[in-house]
Amino acid sequence: MDQSLPEGSLSWRLSAHPITLLWFLALRLSSLLVYLLGMLFIKNTVLIFIITILLLAADFYYLKNIAGRRLVGLRWWNEVDAQSGDSHWVFESSDPSTKVINATDKRFFWLSLYLHPVLWVALAVVAMIRFEVIWLTLVVIALSLTITNTLAFSRCDKFGQASNMAGSALLSGGMAGNLASGMMGRFFGR
């Protein structure tokens, strides 16, 4: 490990999970590169469309199920109530006392998580200006996948922070613990 760089620097060598981080970044970049370079060098629109969709699906799956859990200790999923048909999101975060999140992993994760949809929005604007409906369709699919993960992990992080604050207040006892417990029970007890 390179000790000359400060903790949290954007260097994959400082990562606690370098293979997970590199796969995460490779999948994030690959869909953009296939889309951009494919439009320039490959004239087969269907091939570019299919490969980009497959890479976006792989990125969505890897981010949701592997990278989020390993890099920042967050997971989310959607559950449907069988009787009512209502859908709700479930958020899970690792216990900060048992899992220490690496600052480099955290910076790469959140930077990439928020930057990726911004780049797809820019590509959507370009597709609209050029009146390319097929590419706009692809960009809308990319945006729906990336924004879903971005919103879910943002909510998951906020849920994890709220749970950790409530847990620490509850452990300290007294009036603060009772107040936090009551607020969290009303807020998450739906």
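Excluded from the calculations below are hydrogen atoms, water molecules and symmetry mates; all remaining heavy atoms, backbone and side chain alike, are included.
More than 12 heavy atoms of other shown residues, nucleotides or ligands fall within 6.0 angstrom of atom OH in Tyr114.
Looking only at side-chain heavy atoms (C-beta outward), Asn102 and His17 stay at 4.5 Å or farther from each other. Side-chain contact check for Leu113 versus Phe153: some heavy-atom pair is nearer than 4.5 Å. With a 4.5 Å cut-off on side-chain heavy atoms, Leu40 and Leu36 do not count as touching. Leu33 places none of its side-chain heavy atoms less than 4.5 Å from the side chain of Leu55. Val139 places none of its side-chain heavy atoms less than 4.5 Å from the side chain of Val126. At a threshold of 4.5 Å between non-hydrogen side-chain atoms, the residues Ile53 and Phe49 count as touching.
Here the shortest heavy-atom pairing between Thr52 and Ser31 reads CG2-O, 3.8 Å. Taking both residues in full, the closest heavy atoms of Glu92 and Cys156 are given as O-SG, 3.4 Å, listed atom of the first, atom of the second, then distance.
Interatomic distance, Ile66 CD1 to Thr20 OG1, rounded to the nearest 0.5 Å: 7.5 Å. Separating the CZ atom in Phe108 from the CG atom in Leu71 is a distance of 10.5 Å, to the nearest 0.5 Å. In this structure, NZ on Lys43 lies 8.0 Å from CD1 on Ile48, to the nearest 0.5 angstrom. Note that the CG atom of Leu63 and the CH2 atom of Trp23 stand 15.0 Å from one another [nearest 0.5 Å]. The line from CH2 of Trp120 to CG of Leu138 is 5.5 Å long, rounded to the nearest 0.5 Å. Summarising the geometry, atom CZ belonging to Arg75 is positioned 8.0 Å from atom NZ belonging to Lys64; distances are rounded to the nearest 0.5 Å.
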Take Asp59 and Leu145 through the side chain to side chain contact (heavy atoms under 4.5 Å, CB included) test and state the conclusion after the steps. CA-CA 9 Å; Asp59 173 54; Leu145 291 172; over 6 Å; no
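With sequence neighbours excluded, the residues satisfying ring-ring contact (aromatic ring centres under 6.0 Å, His included) with Phe24 are Phe109.
In the hydrophobic cluster analysis, where Ile, Leu, Val, Met, Phe, Trp and Tyr join through side-chain heavy atoms closer than 4.5 angstrom, Trp77 is grouped apart from Val80. Leu136 and Leu119 are members of different hydrophobic clusters when ILVMFWY side chains are connected at heavy-atom separations under 4.5 Å. Grouping the Ile, Leu, Val, Met, Phe, Trp and Tyr side chains by contacts below 4.5 angstrom, directly or via other members, places Val118 apart from Leu56. When the side chains of ILVMFWY residues are joined at heavy-atom separations under 4.5 Å, either directly or via intervening members, Leu123 and Ile134 end up in a single hydrophobic cluster. Follow the hydrophobic side-chain contacts under 4.5 Å out from Leu54 and you never reach Tyr61; the two are in separate clusters.
Checked options Thr45, Ile51, Ile50; the residue passing with Leu47 is Ile51 (criterion: side chain to side chain contact (heavy atoms under 4.5 Å, CB included)).
Ring orientation note: the planes of Trp89 and Phe91 are nearly perpendicular, at an angle over 60° on the 30°/60° scale.
Among residues at least two apart or in separate chains, side-chain hydrogen bond (donor to acceptor under 3.5 Å, both in side chains) pairs with a member in residues 131-153 are Trp76-Asn149.
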